[in-house]
Amino acid sequence: MRASLMNLVTLREDPADAEIASHRLLLRAGYLHKSGSGLYLYGPLMHRVITKVQAIVAEEISRTGALQITMPILQEQALWEKSGRWAAYQATRTMLTVKDRNDQVFGLAPTAEEVVTDYAAAVVKSYRQLPVTFFQQHTKFRDEIRPRFGLMRVKEFIMMDAYSFHASDESLAETYAAMRVAYTRAFRRMGLEAFAVEADAGAIGGTGSHEFMVAADVGEDAILFCAESGYAANVERATGRIAAAPGWNAPAAPQVVATPNVGTIADVIGFLNRNGFADATAAHALKCVLFVAKTVPSATKQAGADVSVAAFVRGDREVNEVKLLNSVNRHLGAQGPVLSLRPMHPEEVRAATGAEPGFAGPGDGLKVAVVIIDQTLKDAGALIAGANRTDHHVVGVQLPRDLPADRTVVWDDLTTIRAGDGCPLSGQPLAERRGIEVGHVFKLGTKYSAPMHAEFTGQDSKLHPFIMGCYGIGSSRVAAAAVEQHNDADGIRWPMAIAPYQVVVVPAGKPGDAATTTAAEGIYQALLASGIEALLDDRDAKPGVKFKDWDLVGIPLRIVCGRGLATGEVEFKPRGGESANVPVGEAAARAIVLVRAALAVV
RNA sequence: CGGGGCGUAGCUCAGCUUGGCUAGAGCGUUGCGUUCGGGACGCAGAGGUCGCAGGUUCAAAUCCUGUCGCCCCGACCA
């Protein structure tokens, strides 16, 4: 491509509303045009990048034996009713919907489990056809609460989504493992440092899942990991060993203590330290967080309802709301599902505890539907709890000894694990880093096939629901993540495999100078003839302008035909690397070798 | 949805507090000339319903009310 024909428009200044590197650079270099909040137009350069990402992803997913298809974006409400997810997605308002002229409602594909399960049920009738995996790369829509960070979180994006169907858990495990290998290969080919972490399954559901993260400081997810055991998990899901609180001089039996005007844990401990309990710390307190869980209409229960929940963790720790939500759902079972939790308003706290906020405890006076206590607090020794009475706490509470006789308690893991806690496998301190979620794999089991009656005939001549897995890669997000990992002060540094063009040839003499023009044109034509994706910067611009532009755009290799021609040489300048002089006659051949080496599948 | 901020030229911004001439600058862009290895220079030009609607006023980018949109922090997710 000749630069004079490619409508290259670069900005000298950063767009005001771009915060992170990928957003800023992709806008500045002309890859993206913002069409609306969370909506982007992919310019000619971006289109090439996305196409390459999709090709590599498709190649690696296909390598597992998966079959590429294309599913409709408009999804009938009735199909989602069959799986029971319509109400859930409406309640969380994740799905955008449209109506046709007959007022029939359609969802705009946020994902495609229902559609593909319906398809599999129609075309897969026997265990002899299993396992089978279908995938597509298509536009997805999410009614994001807050689009953010350019391509990172948008309302409309391109996703590779794959769905596997199995006759057994063992078969699912094989494909799940093969997909993880495919992901790893795909990300490595695209020059991304990505790693798998244990994850919460969220609204997709199922029995297990891993996320693929690209390490980046601007990532929206926190990852805890252990170098020794290899353990890595999203903080939403991470478990760990929490060091026990040190012993302290606590009363043997619960003792009510007046704690006037000290509602927060820090204040309560400070007050007690000054009033007879000098060695009490926040780790000896019982933190109570009160929530309202909102259930959604389901097959067994037409109307949604509010369920009050009290969650207890150690005073120096935080409640993990994802763990709590999962725990509430396990406990409520058929009364669920619960899709969201919100903290109680002050008046609700007063109704639930009979006290001002800040004095809630597990003892008498707490009136909530569900009480969940972090399992580490069982037999944890003496604790300081709210007394459910304004300005009073109870010191020396022991669990479960001092719980009211009629109190039903769920013991579960509710604590947010943090760096420094012990690895659940090795016990070594966990470290933390941030990541961008670029892929996710789920073991779905029969979550969709059972309610949708998607069944096959087994070897036993009986009908069985498919055992399923599903797998997603955010193709457009991958491109943004690549920029996050590969940029510098001058612009983007694309990995060769996903760069919009591989080489740019820059004539750097006076415009129209015969020697530079001839040399550049010759190299350019030789590269094209060998299938290299080459650019020729034939614009009437000064060399400095050209250099700045190609650094910003991020072309991996620049060949400059300029003053070196006097001695028969051109300059090779890898983006971000050292320049070297190369004889004109060898330039094309050496560039071809460089590009092919960088693209070689490892 | 709660909290914070912003809407003035294609981009980045000034002007608004304290209303008043024809609404400005830099970059970009068009024409001509000079220049040509890291975002050159001179001259000439184009480009604006100051987000939108209403109000106050002799007079509104500026003050008031409403409204729409965008960005950032939290809950959602590839």
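Proteins get letters first, then strands, A, B, ... in listed order; numbering begins at 1 in each. Values in this document were obtained by computation on a predicted structure and should not be read as measured data.
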Reference residue A:E571; test side-chain contact (heavy atoms from CB on, under 4.5 Å); the match among A:V582, A:I559, A:N581, A:V506: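 Among A:V582, A:I559, A:N581, A:V506, the one that satisfies the side-chain contact (heavy atoms from CB on, under 4.5 Å) with A:E571 is A:N581.
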
[X] side chain near [N] phosphate (N/O to OP1/OP2, under 4.0 Å):
X: A:R93; N: B:C1; value: no
X: A:T94; N: B:C77; value: no
X: A:K34; N: B:C71; value: yes
X: A:R342; N: B:A75; value: no

Pick base, sugar-phosphate or nothing for [X], based on heavy-atom distances below 4.0 Å to the nucleic acid.
X: A:V214; result: nothing
X: A:F149; result: sugar-phosphate
X: A:A16; result: sugar-phosphate
X: A:M152; result: base

Can A:F547 be called stacked on B:G39 when the rule is centres closer than 5.5 Å and an angle between planes below 30°?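 By the stated criterion, A:F547 and B:G39 do not stack.
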
Using a 4.0 Å heavy-atom cut-off to protein, can you give one letter per nucleotide of nucleotides 40-48 of chain B, 5' to 3': B if the base is in contact, S if only the sugar-phosphate is, - if neither? B--------

Taking NE2 from A:H440 and P from B:C76, how many angstroms apart are they, rounded to a whole number?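 These atoms are roughly 13 Å apart.
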
Are the side chain of A:Q137 and the backbone of A:Q54 linked by a donor-acceptor contact shorter than 3.5 Å?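 Flag set: sc A:Q137 to bb A:Q54 pair under 3.5 Å.
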
If the plane angle is over 60° it's perpendicular, under 30° parallel, otherwise tilted; pick one for A:Y89 and A:W80.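 Aromatic pair A:Y89/A:W80 classed perpendicular.
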
Give the ring-plane orientation class for A:Y183 versus A:F187, where under 30° counts as parallel, over 60° as perpendicular and anything between as tilted.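 Because their plane-to-plane angle is over 60°, the rings of A:Y183 and A:F187 count as perpendicular.
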
Among all residues two or more places apart in sequence or in another chain, which pass the salt bridge (Lys or Arg N to Asp or Glu O under 4.0 Å) test with A:R93?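 Salt bridge (Lys or Arg N to Asp or Glu O under 4.0 Å) check on A:R93 returns nothing, list empty.
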
Could you list the residues that satisfy salt bridge (Lys or Arg N to Asp or Glu O under 4.0 Å) with A:K155, not counting sequence neighbours?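 Here no residue qualifies.
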
Which dot-bracket string fits RNA chain B when only Watson-Crick or G-U wobble pairs with both atom distances under 3.5 Å count, crossing pairs get [ ], and | stands for a partner on a different strand? (((((((..((((......[...)))).((((((.....)))))).....(((((..]....))))))))))))....

Check RNA chain B against residues 41-59 of chain A and give the residues with a non-hydrogen atom under 4.0 Å, in numerical order.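 Correct list: empty, so none.
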
My understanding is that only residues two or more places apart in sequence, or in another chain, count here; which of them pass ring pair (Phe, Tyr, Trp, His ring centres under 6.0 Å) with A:W550?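 None.
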
